[in-house]
Amino acid sequence: MKADILTPKQLFQRDIRYMIPLFQRPYVWNQEDQWEPLWEDVRATSERFLEALAKFGPERMAEAERAVAPHFLGAVVLQQQATSTLEIEQRYVIDGQQRLTTLQILLDAAQEVCEGMGLVGEAKRLSKLVLNDEDLTGSNPDQGFKVWPTMSDQDPFRAAMTNGQGTDEFADSAIVQAHDYFQLQIEEWLRGGVEETSLLSRALETTLAGLLNLVVIDLEGSDDAHVIFETLNARGTPLIDSDLIKNYFLYHVQQDGGSQKEQYERVWKPLDDRWWRAEVRQGRLVRPKLDVYLNYWLTMRTRSEVTASRVFDAFRDYAKDRAIGDVGRDMS
């Protein structure tokens with residue numbers, strides 16, 4: 001594997017698609033734990049840049065930028081996919097998909113606010129960090145998005161990331177809520193500062209494009225993406241047992257030459273919504289409904305007691321000696 005420290009501009013400025021595999025969980029970050037701290041960090045970094053710019057002067061922006069310590073966002077693990085010369089380069093996001101998706105939502109919210117405020121230059125430059133060249137997308141407009149989420153999030157993501165498109169239909173989506181949150185915070189900051197709006201927008205754009213850092217790890221052909229995904233899930237919002245089971249199941253579908261999309265549609269799509277992720281109390285334990293369901297399902301299939309702490313291990317043991325297609329039929 002190869003690791004680099006990249007800014008959003010370095011990560012997104014070229015035509016590329018970062019694809020969230022089907023085995024990944026839906027978008028689950030929220031305002032209190034992730035969006036608000038991220039915005040506070042972005043705003044603080046922008047204000048430090050403004051202080052440096054006041055010191056060096058507007059004609060020495062590069063020096064002012066170098067004087068500001070960048071904010072570290074975390075790590076992303078990617079796996080390159082085979083594409084032809086005429087196709088847009090693609091990578092699967094093995095870890096860090098919540099972080100990468102949130103960063104795209106933030107960039108797009110900033111772009112939309114700048115466009116609405118008549119900040120044409122900022123809007124055009126930010127647009128290049130969220131959308132690929134139209135000449136390369138062919139007949140599929142979804143190819144234009146640099147980040148493309150897992151299946152259950154695609155419709156709300158498309159609506160949120162398309163300027164002027166209504167999102168009322170997806171009001172319960174965390175993706176839409178994140179976009180609305182960042183739009184509101186950015187607009188309030190740009191309109192409420194003592195500095196001129198053009199100066200504030202320049203500071204925000206500089207921060208979003210060049211003063212945020214991510215560790216980007218590119219996997220090589222010999223690296224096992226499934227093992228790395230399971231190992232790294234402790235960062236951010238921990239994976240629940242059903243996330244790990246979905247990961248294991250769809251990964252082995254692909255390994256056995258099956259269709260991940262077909263098995264997802266048949267087995268997992270009915271379970272891949274927020275209702276199943278809502279928590280319920282069982283005695284002293286509070287667990288997602290889907291974990292409780294899978295716990296009972298495994299107890300029934302194995303005819304042995306499965307404790308709450310061993311749901312994923314019990315599923316792995318159950319699936320180990322069976323064809324993965326048979327496991328899917330058992331579950332559907």
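Bear in mind that the values here come from a model prediction, so they are computed numbers and not experimental data.
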When you compare the side chain of [Y] with that of [X], does any pair of heavy atoms fall below 4.5 Å?
{"X": "Val292", "Y": "Trp297", "answer": "no"}
{"X": "Met117", "Y": "Cys114", "answer": "no"}
{"X": "Phe315", "Y": "Met331", "answer": "yes"}
{"X": "Arg329", "Y": "Arg266", "answer": "yes"}
{"X": "Phe49", "Y": "Met61", "answer": "yes"}

Are there over 12 heavy-atom neighbours, none belonging to [X], within less than 6.0 Å of that residue's [atom1]?
{"X": "Glu32", "atom1": "CD", "value": "no"}
{"X": "Glu169", "atom1": "CD", "value": "no"}
{"X": "Glu59", "atom1": "CD", "value": "yes"}
{"X": "Lys128", "atom1": "NZ", "value": "no"}
{"X": "Ile5", "atom1": "CD1", "value": "no"}

Ignoring hydrogens and angles, state whether a donor on the side chain of [X] or [Y] is under 3.5 Å from an acceptor on the partner side chain.
{"X": "Arg99", "Y": "Thr102", "answer": "no"}
{"X": "Asn163", "Y": "Gln111", "answer": "yes"}
{"X": "Glu89", "Y": "Thr83", "answer": "no"}
{"X": "Gln90", "Y": "Arg17", "answer": "no"}
{"X": "Asp108", "Y": "His179", "answer": "yes"}

Only residue of Leu208, Leu212, Leu126, Asn213 satisfying side chain to side chain contact (heavy atoms under 4.5 Å, CB included) with Pro8 is Leu212
Once the angle between the rings of Phe249 and Trp268 is folded into 0 to 90°, is it parallel (under 30°), tilted (30 to 60°) or perpendicular (over 60°)? tilted
Specify whether Tyr18 and Phe12 have parallel, tilted or perpendicular ring planes, treating 30° as the upper limit for parallel and 60° as the lower limit for perpendicular. perpendicular
Lys146 (side chain) donor-acceptor with Arg14 (main chain) under 3.5 angstrom: yes
Thr150 side chain to Ser152 main-chain N or O, any donor-acceptor pair under 3.5 Å? no
Do [Y] and [X] meet the salt-bridge criterion of a basic N to acidic O distance under 4.0 Å?
{"X": "Asp272", "Y": "Lys269", "result": "no"}
{"X": "Asp317", "Y": "Arg310", "result": "yes"}
{"X": "Arg277", "Y": "Asp243", "result": "yes"}

Quick one: do Arg287 and Asn295 satisfy side-chain hydrogen bond (donor to acceptor under 3.5 Å, both in side chains)? Show the steps, please. CA-CA 11 Å; Arg287 305 166 66 198; Asn295 197 157; 3.0 Å; yes
Is Arg322 positioned over the aromatic face of Tyr318, cation under 6.0 angstrom from the ring centre and no more than 45 degrees off axis? yes
